[in-house]
Colleague: 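My questions will all concern the structure given below.
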Amino acid sequence: KLRTILNEILNESKSTFNQMWHGNVVDFNKPQYFSDSKIVASSYGDVSGPYKITLRKPLVLDFSKADGWWLPEESAREQVGKLGMNLEDFDKYRGHAKFRSVKTDHFVAAAKDKGFDGVVFENIADAGGRPVKGNKYIRTTNVVAINPNSSVKLEIDN
């Protein structure tokens with residue numbers, strides 16, 4: 001039994017993100033998005049933070065081939081696989097198979113159902129297709145979406 005407990009501790013994929021910003025009011029009744037770019041966060045409203053976010057069980061996705069928050073279907077296939085799903089099973093999250101891309105919100109909903117407490121979108125560009133200070137293509141290293149979940153630790157980053 002002790003070996004099982006030790007293995008669970010060692011295999012825990014806990015991740016901490018410092019200097020994360022949020023645009024608008026933090027509302028834990030729905031998934032919240034935080035960015036390591038204060039400029040990106042400001043395009044959504046008044047900026048709060050910086051926050052330190054600790055996720056016990058994160059899902060990490062590569063969005064380097066995305067157009068804003070949308071990942072083309074050919075690139076989405078590999079990322080959906082990280083959920084242990086194929087695109088056909090994923091259709092219930094994106095609404096219709098006719099859509100040729102997958103939005104970050106779709107991944108957040110699927111990750112919540114699969115027991116992840118947050119999604120880290122690495123290498124995401126711009127603020128969801130919205131112009132940011134005249135430059136649509138400001139790239140942020142990480143955008144973290146957290147689900148209302150007790151295993152998420154959110155604190156002010158001093």
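Remember, predicted model here, so these are calculated numbers, not experimental data.
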Colleague: How close do V120 and P58 get, heavy atom to heavy atom, and via which atoms?
Modeller: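 Closest approach of V120 to P58: CG2-CB, 4.3 Å.
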Colleague: To check you understand the geometry: which heavy-atom pair defines the closest contact between H22 and A41, and what is its length?
Modeller: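 It is C-CB, 3.9 Å.
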Colleague: Working to the nearest 0.5 Å, report the span between CG of L83 and CZ of F116.
Modeller: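 It is 6.0 Å, given to the nearest 0.5 Å.
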Colleague: When you measure from the side chain of Q32 to the backbone N and O of D27, does any donor-acceptor pair fall under 3.5 Å?
Modeller: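 Side chain of Q32 to backbone of D27: a pair is present.
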Colleague: Determine the minimum heavy-atom distance between L61 and Q79, stating which atoms define it.
Modeller: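 Minimum heavy-atom contact is CA-OE1, 3.3 Å.
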Colleague: What are the two closest non-hydrogen atoms of A76 and L71, and how far apart are they?
Modeller: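 Scanning both residues completely, I find the closest heavy atoms to be CA-CD2, 3.6 Å.
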Colleague: We want to know whether D105 and Y33 form a side-chain donor-acceptor pair, criterion being a heavy-atom distance below 3.5 angstrom.
Modeller: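 Per modelled atom types, D105 and Y33 side chains form a pair under 3.5 Å.
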Colleague: Report the residues that fulfil side chain to side chain contact (heavy atoms under 4.5 Å, CB included) with K92, sequence neighbours left out, ordered by chain and then residue number.
Modeller: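 For K92 there are no side chain to side chain contact (heavy atoms under 4.5 Å, CB included) partners, ignoring immediate neighbours.
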Colleague: Let me confirm one number: the CD-CG distance from E155 to N18, rounded to the nearest 0.5 Å.
Modeller: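 Separation between the atoms: 9.0 Å.
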Colleague: When clusters are formed by joining ILVMFWY residues with side-chain heavy atoms under 4.5 Å apart, either directly or through shared neighbours, do M85 and L59 land in the same one?
Modeller: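 Yes, one cluster joins them.
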Colleague: Could you check whether atom NZ of K82 has more than 12 heavy atoms from other residues, nucleotides or ligands sitting under 6.0 Å from it?
Modeller: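 Counting neighbours around NZ of K82, more than 12 heavy atoms of other residues, nucleotides or ligands fall under 6.0 Å, so yes.
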Colleague: For F17, run the side-chain contact (heavy atoms from CB on, under 4.5 Å) check against V144, D157, T54 and tell me which one passes.
Modeller: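 The option that passes is V144.
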Colleague: Give, for atom CD of Q19 and atom NZ of K38, the distance between the pair rounded to the nearest 0.5 Å.
Modeller: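 One gets 9.0 Å once the value is rounded to the nearest 0.5 Å.
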Colleague: Compare every heavy atom of V26 with every heavy atom of S48, then report the nearest pair and how far apart it is.
Modeller: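 Closest heavy-atom pair between S48 and V26: OG-CG2, 4.2 Å.
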Colleague: What heavy-atom pair brings K57 and G115 nearest, and what distance separates the two atoms?
Modeller: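 Minimum heavy-atom separation between K57 and G115: CD-O, 3.5 Å.
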Colleague: I'd like to check the salt bridge (Lys or Arg N to Asp or Glu O under 4.0 Å) partners of D62; sequence neighbours left out, ordered by chain and number.
Modeller: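 In terms of salt bridge (Lys or Arg N to Asp or Glu O under 4.0 Å), with neighbours along the sequence ignored, D62 is linked to no residue.
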Colleague: Let me check something: do V108 and L87 share a hydrophobic cluster, defined by ILVMFWY side-chain heavy atoms less than 4.5 Å apart, either directly or through other members?
Modeller: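 Same cluster.
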Colleague: How would you list, by chain and number, every residue that makes a side chain to side chain contact (heavy atoms under 4.5 Å, CB included) with D113, sequence neighbours excluded?
Modeller: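 So D113 forms a side chain to side chain contact (heavy atoms under 4.5 Å, CB included) with Y93.
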Colleague: According to a hydrophobic-cluster definition based on side-chain heavy atoms being under 4.5 Å apart (Ile, Leu, Val, Met, Phe, Trp, Tyr only), do V25 and I53 belong together?
Modeller: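 No, because V25 and I53 fall into different hydrophobic clusters, even though each may have its own neighbours under 4.5 Å.
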Colleague: Using 0.5 Å steps for rounding, measure from the NZ atom of K153 to the CG atom of D117.
Modeller: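 One finds 13.5 Å between NZ of K153 and CG of D117.
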Colleague: Rounded to the nearest 0.5 Å, how far apart are CH2 of W21 and CZ of F34?
Modeller: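 Between W21 CH2 and F34 CZ, I get 12.0 Å after rounding to 0.5 Å.
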